[in-house]
Amino acid sequence: MTPPLTEAGPALFRLVRHWSRRWTVRTSTELTGEMRHVQHILAVEAVDTGSEHTDEVTVATVAHHLGLDHSGASRMVRDATAAGYLTRGTSGHDRRRASLELTDSGRDLLNASHQWQRRTFNDLTATWSPTDRQRFATYLIRLTTELDLES
């Protein structure tokens, strides 16, 4: 049997590949009724996360959080704004930039997305002992904190 530490890295990347292909279809369909609206969820998550770390969220903030170029983030912001999840205002720091905020619908979508994420974790670990579930949850949170995945 191969030691767990030897296989942990490959297992992590199998998990990432699995969820990067599947979560978008499942979550978007469940939360918005259409698969193609996953971009709205990503934009809302990026604006929310960005607002925790800066006094003003811009398209550049969204691009940074999502690992996109400015034009791709701009299209996502435009579409999420048109769908009613975001509002665009004029930046207080640079009038050439837009300042982004969540609307009530955007907050509802964000909350629904977080509920879906919690439900998914619970479903995936339902057969685990409470101790194992708590330990795994603690390690996931620790990993995201150490990698500064909130910013």
Side-chain angles (χ1 to χ4, degrees), residues 4 7-89 91 97-151:
E7 289 305 309
L12 175 64
F13 281 83
R14 281 193 306 275
L15 187 63
V16 168
R17 282 191 306 273
H18 172 83
W19 281 105
S20 68
R21 292 188 305 259
R22 288 169 182 83
W23 86 267
T24 55
V25 174
R26 281 185 58 199
T27 189
S28 187
T29 302
E30 287 181 28
L31 298 178
T32 68
E34 292 189 45
M35 184 192 77
R36 65 185 179 89
H37 293 302
V38 69
Q39 293 177 348
H40 297 162
I41 297 166
L42 293 171
V44 165
E45 290 271 2
V47 170
D48 179 63
T49 301
S51 68
E52 295 172 2
H53 299 283
T54 183
D55 62 334
E56 188 172 78
V57 178
T58 65
V59 172
T61 309
V62 172
H64 170 75
H65 284 281
L66 296 178
L68 299 172
D69 61 22
H70 190 274
S71 64
S74 182
R75 283 190 296 275
M76 287 179 74
V77 165
R78 180 198 63 213
D79 292 348
T81 301
Y85 297 121
L86 301 175
T87 59
R88 293 175 69 112
S91 167
R97 292 182 174 202
S99 177
L100 306 170
E101 292 185 15
L102 296 176
T103 63
D104 289 341
S105 293
R107 279 186 282 287
D108 290 345
L109 181 61
L110 180 69
N111 289 333
S113 175
H114 289 173
Q115 288 173 4
W116 182 88
Q117 292 164 9
R118 289 179 186 102
R119 210 169 41 249
T120 299
F121 179 86
N122 290 336
D123 291 349
L124 290 172
T125 60
T127 61
W128 296 15
S129 73
T131 302
D132 284 348
R133 292 180 76 216
Q134 183 65 43
R135 185 177 295 131
F136 187 55
T138 301
Y139 290 150
L140 283 173
I141 293 166
R142 177 180 170 187
L143 185 61
T144 61
T145 301
E146 288 179 5
L147 294 174
D148 196 23
L149 294 180
E150 298 302 318
S151 63

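Residue indices begin at 1 and follow the sequence shown.
- Annotation: the span from Phe136 atom CZ to Ile141 atom CD1 amounts to 11.0 Å, rounded to 0.5 Å.
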Practice task
Determine, step by step, whether Leu42 and Met76 satisfy the side-chain contact (heavy atoms from CB on, under 4.5 Å) criterion, reporting the C-alpha distance in whole Å, the side-chain angles of both residues, the deciding distance to 0.1 Å, and the verdict.
Solution key: CA-CA 8 Å; Leu42 293 171; Met76 287 179 74; 3.7 Å; yes
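- Rounding to the nearest 0.5 angstrom, the gap separating the OG1 atom in Thr127 from the CG atom in Leu124 is 9.5 Å.
- Looking at residues two or more places apart in sequence or on another chain, you find a side-chain contact (heavy atoms from CB on, under 4.5 Å) between Gln134 and Thr138.
- Contact between Val47 and Val57 at its shortest, heavy atoms only, is O-CG2, 3.6 Å.
- Remark: Gln39 CD to Asp79 CG distance equals 6.5 Å, nearest 0.5 Å.
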Exercise for the section: Before giving the answer on side-chain contact (heavy atoms from CB on, under 4.5 Å), spell out for His70 and Val59 the whole-Å C-alpha distance, their side-chain angles and the decisive distance to 0.1 Å. Expected result: CA-CA 7 Å; His70 190 274; Val59 172; 3.6 Å; yes
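- Residue pairs satisfying the salt bridge (Lys or Arg N to Asp or Glu O under 4.0 Å) criterion with at least one member in residues 131-144, sequence neighbours excluded, are listed as follows: Asp132-Arg135, Arg142-Glu146.
- The backbone N or O of Phe121 lies less than 3.5 Å from a partner atom in the side chain of Thr125, making a donor-acceptor pair.
- Nearest approach of Gly84 to Ser105, heavy atoms of both residues: O-CB, 3.6 Å.
- In this structure, Ser99 has no side-chain hydrogen bond (donor to acceptor under 3.5 Å, both in side chains) partners at least two apart in sequence or on a different chain.
- The line from CG of Asn111 to CG of Leu102 is 9.5 Å long, rounded to the nearest 0.5 Å.
- Taking the side-chain hydrogen bond (donor to acceptor under 3.5 Å, both in side chains) definition, one finds that Ser71 meets it with Asp69, sequence neighbours left out.
- Pro130 pairs by the side-chain contact (heavy atoms from CB on, under 4.5 Å) definition with nothing, not counting sequence neighbours.
- Annotation: side-chain contact (heavy atoms from CB on, under 4.5 Å) contacts of Arg78 (sequence neighbours excluded): Arg75.
- Checked against side-chain hydrogen bond (donor to acceptor under 3.5 Å, both in side chains), Glu45 has the following partners two or more places apart in sequence or in another chain: Ser113, His114, Gln117.
- Take Thr81 and apply the side-chain contact (heavy atoms from CB on, under 4.5 Å) test, not counting sequence neighbours, and it matches Val77, Leu86, Arg88.
- Identified under the salt bridge (Lys or Arg N to Asp or Glu O under 4.0 Å) test for residues 105-118, with sequence neighbours left out: Asp104-Arg107.
- With rounding to the nearest 0.5 angstrom, the CG atom of Leu110 is 10.0 Å from the CD atom of Gln115.
- Between Thr120 and Trp116, the closest side-chain pair of non-hydrogen atoms falls below 4.5 Å.
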